[in-house]
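Report on the following structure.
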Number of protein chains: 2
Amino acid sequence: MRRDAPQGTQPDAGPPPFEVEVATSISAEQLLRQYGCRATKPRIAVLDALIAHDGPIDAIALTDLAQADEPSIHEATVYRTIGVLSELGIVNHVHAGHGPSLVRLSDNSDLVAVCQDCGAIVDLPGKAIRRLISDMQRATGFILEPGHFALEGVCANCTTS
Amino acid sequence: MRRDAPQGTQPDAGPPPFEVEVATSISAEQLLRQYGCRATKPRIAVLDALIAHDGPIDAIALTDLAQADEPSIHEATVYRTIGVLSELGIVNHVHAGHGPSLVRLSDNSDLVAVCQDCGAIVDLPGKAIRRLISDMQRATGFILEPGHFALEGVCANCTTS
DNA sequence: CGTCTATTGCGAGCTGGTCGCAAGTAGTCT
DNA sequence: AGACTACTTGCGACCAGCTCGCAATAGACG
């Protein structure tokens, strides 16, 4: 559902920025409106927290952050908001190993990797991955969707120690 | 998948083979003993089922299969057995998107990919991945451990349809 | 300002997986 | 073969992460 595109909807005055990556310069509220969905206080709080955090974060931590703004916000609401934002393409969620899945702004197109030793979350540059994707498609027809899964391994710190 | 077994290992007289990849030609029981762990009926049933299945499988389905041999086997036992086999390096488990994690014999070193549309589990050839791993290590110091995570995307079937 | 519907808060519930414990059994020693 | 001991099992309770149903609330729009 909700297939209306962001662009082409001049909300009010806003010379609509072309990308979410300017998110930090646009208010969460404007962003929501721009996507044609209700700008409720809980949603604004969640999106604000997500923008402020800048990086993958799990739903519980995000709830905590959002509660700083909007104390009554419920965990279930955060999950639902993530679902909405995800459908709109504003955020995506990443499955990382055992733990909870992580959420991040979609403009961050790097791949997420989780260190099995220390649990650190590392962003890996997307270049090599793009090559992997095209190789893979050529070889198998399978089109990888990075950004929906996390890689696992051992980070540089833990390797040396 | 299809990492077919090297045939031709004497079943019982067993001069211990060096690798798990001969799994299909050696009994699960022998394999367990070889690794110095107790060959109990539940464990044998689980490992047998895993060998027979040949491919990634989730714990519940594995429990079903194992129960064909050993009806009283409990789900918790299957999880524990997976844990033991995993520590021994006989199997590894793969985290696939939302659903349950999958188990497979370790000799199957290909990467697992899950189709987001149809849920199909596809094995991707390891060649391109090995290149990704070395690229990644050079670039970031992060050593990827494939086989512990699944990639996600859209399979060839769903792309065309 | 009033209406109408999307959204929220809340608690119950579901799934995947783990844990503690008493009973059972594999492996070892005699 | 029989006894012993420690590892395993089955079982149920429990936990985390997440979803759902529903009544109450509150945005958006006229």
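Just so it is clear, the values below take in all heavy atoms, side chains as well, and ignore hydrogens, waters and symmetry mates.
Using bins of under 30°, 30° to 60° and over 60° for the plane-to-plane angle, the ring pair B:His98/A:His93 lands in the tilted bin.
A sub-4.0 Å separation between OP1 or OP2 of D:dA26 and a side-chain N or O of A:Thr40 is absent. A:Ser101 has no side-chain polar atom (N or O) that falls below the 4.0 Å cut-off from OP1 or OP2 of D:dG17. Proximity of B:Arg33 to the phosphate of C:dG27: a side-chain N or O atom is located under 4.0 Å from OP1 or OP2.
Within 4.0 Å (heavy atoms only), A:Ala76 reaches at least one base atom of the nucleic acid. Here A:Ile73 lies in heavy-atom contact (under 4.0 Å) with sugar-phosphate atoms only.
With distances taken from any side-chain atom of A:Arg80 to the nucleotides C:dA6, D:dC18, D:dG21, the minimum falls on D:dG21. The nucleotide whose nearest atom lies closest to any side-chain atom of B:Pro100 is, among D:dG10, D:dT8, C:dG16, C:dG16. Distances from the side chain of A:Arg38 to the nucleotides C:dG17, C:dT7, D:dG10 place C:dT7 closest. Across D:dG10, D:dC7, C:dT7, the shortest atom-to-atom separation from the side chain of A:Arg43 is found for C:dT7.
We find that CD of B:Glu75 is positioned 17 Å from P of D:dC14, with the value rounded to whole Å. The distance from atom CG of B:Leu102 to atom C1' of C:dG16 is 12 Å, rounded to the nearest whole Å. Following rounding to the nearest Å, B:Leu85 (CG) and D:dT9 (P) show an atom-to-atom distance of 10 Å. Between the P atom of D:dC18 and the NE2 atom of A:His74 lies a distance of 15 Å, rounded to the nearest Å. Going from atom CD1 of B:Ile44 over to atom P of D:dT8 covers 13 Å, rounded to whole Å. Atom CD1 in B:Ile60 sits about 13 Å away from atom C1' in C:dC14, given to the nearest Å. Taking atom OH of residue B:Tyr79 and atom P of nucleotide C:dG17, one finds them 4 Å apart after rounding to whole Å. When the C1' atom of C:dT8 is taken as reference, atom CD1 of A:Ile82 falls 15 Å away, rounded to whole Å.
For the pair A:Gly153 and B:Glu145, the tightest heavy-atom approach, listed with the atom from each and the gap, is CA-CG, 3.6 Å. Considering all non-hydrogen atoms of both residues, B:Ala39 and B:Glu29 come closest at CB-CG, 3.8 Å.
When side chains are defined from C-beta on, A:Cys37 counts as touching A:Leu88, because their heavy atoms get closer than 4.5 Å. Under the 4.5 Å side-chain criterion, counting only non-hydrogen atoms from C-beta, B:Val46 is in contact with B:Ile73.
Both A:Pro42 and B:His98 lie close to DNA chain C; mapped to their nearest nucleotides by heavy-atom distance, the more 5′-ward contact belongs to A:Pro42. Residue order along DNA chain C, read from the 5' end via each residue's closest nucleotide, puts A:Glu70 first among A:Glu70 and B:Ala39.
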